[in-house]
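The block underneath contains the structure these notes are about, expressed in C-alpha cells.
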Amino acid sequence: ETGVTQTPRHLVMGMTNKKSLKCEQHLGHNAMYWYKQSAKKPLELMFVYSLEERVENNSVPSRFSPECPNSSHLFLHLHTLQPEDSALYLCASSQALASGGVGEQFFGPGTRLTVL
Amino acid sequence: AQTVTQSQPEMSVQEAETVTLSCTYDTSENNYYLFWYKQPPSRQMILVIRQEAYKQQNATENRFSVNFQKAAKSFSLKISDSQLGDTAMYFCASSNTGKLIFGQGTTLQVKP
C-alpha cells in the first residue's frame with residue numbers, strides 16, 4: 001500500500017469514550033503531523049513528530065494524546081472529548097530537510113470524528 | 001509569526017476559462033517554501049504546486065502556474081483551461097522551521 005493511510009475513516013463517540021486514530025505512512029518520511037480541520041476554519045496544526053520526537057504541540061488540550069512508536073506510525077489517543085472536538089482529523093508526513101525546512105507534505109484521507 | 005491569508009472564500013469559473021486564486025503571506029524568514037494544496041470533495045489533500053522562495057522563476061505544473069511576488073509577499077495560483085475536476089477547496093501554505101501554515105482556503109466551483 002502506498003501513501004498515507006488513516007483508520008478509521010469515520011468515528012462516532014460519546015464524551016466518556018476512549019478511542020484512537022491511526023495513521024501509517026509508506027513513503028519513508030521522517031516527520032509526521034496531526035491537523036484538525038473544522039468547517040470554515042484554516043487547518044490547525046496539532047502535533048509534529050520529527051524522527052519520532054515530538055517537536056511541536058500547539059496548545060492542544062490534554063484530552064488529545066499523540067503517540068509515535070516509529071517513523072511510519074502515528075496515533076492520536078482520544079479521551080473525554082467535547083462536542084466541539086468534532087472535526088476532520090488529517091495526518092500528514094514529509095521529509096524534514098537539512099536546512100530545517102520541510103518538504104512537501106503528503107496527507108491521508110482523514111478521519112471524520114463526531115462527538116456526541 | 002507566520003501568517004497566510006486567502007481573501008477569497010469562494011470563487012467560480014466556467015469550464016475552459018482561466019481563474020486566479022489569491023494568497024498573501026507574512027514571514028520574517030529569508031528561506032521558505034510556498035505551496036498550493038487542493039482538497040476535492042473526497043477530502044484527500046494533494047499538492048498542486050510548490051515554489052521555493054529563493055527561486056525567482058515562477059513554478060508551473062501543466063495548467064497550474066503561480067505568480068510569486070516576493071517583495072509583495074504574494075503567491076497567487078492561476079488555473080488555465082479549467083476542468084470540472086478542478087472543483088475543490090484550495091489552500092495556500094508557507095513553510096519554514098519544519099511546519100506548514102495554511103490559509104483559510106478558497107472554494108472553487110468549475111461550472112459546465
Side-chain angles (χ1 to χ4, degrees), chain A residues 2-6 8-10 23 25 27 29-60 87-113, chain B residues 1-10 21-55 59 61 64 66 75 88-107:
Chain A
T2 59
V4 181
T5 58
Q6 289 186 243
R9 294 293 305 275
H10 300 272
C23 176
Q25 60 96 0
L27 301 168
H29 290 160
N30 58 13
M32 297 187 77
Y33 312 78
W34 279 118
Y35 290 88
K36 176 183 178 182
Q37 186 178 25
S38 304
K40 307 295 183 184
K41 294 177 70 175
L43 272 74
E44 300 172 57
L45 179 64
M46 300 175 72
F47 301 105
V48 179
Y49 277 83
S50 180
L51 299 173
E52 301 162 40
E53 287 190 21
R54 191 190 308 179
V55 296
E56 186 85 22
N57 179 348
N58 272 359
S59 303
V60 179
L88 182 71
Y89 288 85
L90 293 169
C91 173
S93 71
S94 72
Q95 190 66 20
L97 305 176
S99 61
V102 65
E104 172 189 351
Q105 288 191 12
F106 290 79
F107 286 81
T111 295
R112 171 66 63 188
L113 173 67
Chain B
Q2 277 184 283
T3 59
V4 177
T5 302
Q6 293 177 250
S7 58
Q8 304 153 313
E10 296 179 352
L21 308 183
S22 302
C23 173
T24 58
Y25 62 93
D26 191 16
T27 179
S28 57
E29 302 294 325
N30 286 324
N31 188 22
Y32 52 91
Y33 300 83
L34 297 165
F35 305 88
W36 277 98
Y37 280 87
K38 170 185 177 181
Q39 190 177 37
S42 65
R43 292 290 187 179
Q44 187 93 33
M45 187 95 74
I46 56 174
L47 180 70
V48 174
I49 200 165
R50 163 187 167 150
Q51 175 82 40
E52 295 165 36
Y54 66 87
K55 290 187 177 179
E61 284 288 340
F64 298 88
V66 299
F75 183 61
M89 181 167 279
Y90 288 81
F91 291 95
C92 177
S94 70
S95 86
N96 68 352
T97 63
K99 61 182 182 181
L100 284 182
I101 304 298
F102 285 86
Q104 305 92 319
T106 296
T107 300

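Residue numbers start from 1 in every chain, and the chains themselves are labelled A, B, ... in the order their sequence lines are given, proteins ahead of strands.
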dist B/Leu100:CG -> A/Glu104:CD (nearest 0.5 Å) comes out at 10.0 Å

Counting heavy-atom pairs closer than 4.5 Å to chain A, which one of B/Thr107, B/Leu47, B/Ile46 comes out on top? B/Leu47

Contact class of B/Gln39 relative to chain A, heavy atoms under 4.5 angstrom: side chain

For B/Gly103 and A/Pro42, work out which heavy atoms get closest and say how close. O-CB, 3.6 Å

Heavy-atom distance under 4.5 Å to chain B: side chain of A/Glu44, backbone, both or neither? neither

Minimum heavy-atom separation for B/Gln44 and A/Gly108, please, with both atom names. NE2-C, 3.4 Å

Under the ring-ring contact (aromatic ring centres under 6.0 Å, His included) rule, collect the residues that match up with A/Tyr35, sequence neighbours excluded. A/Phe107, B/Phe102

Over all atoms of both residues, closest heavy-atom pair of B/Phe91 and A/Gln37: CZ-NE2, 3.4 Å

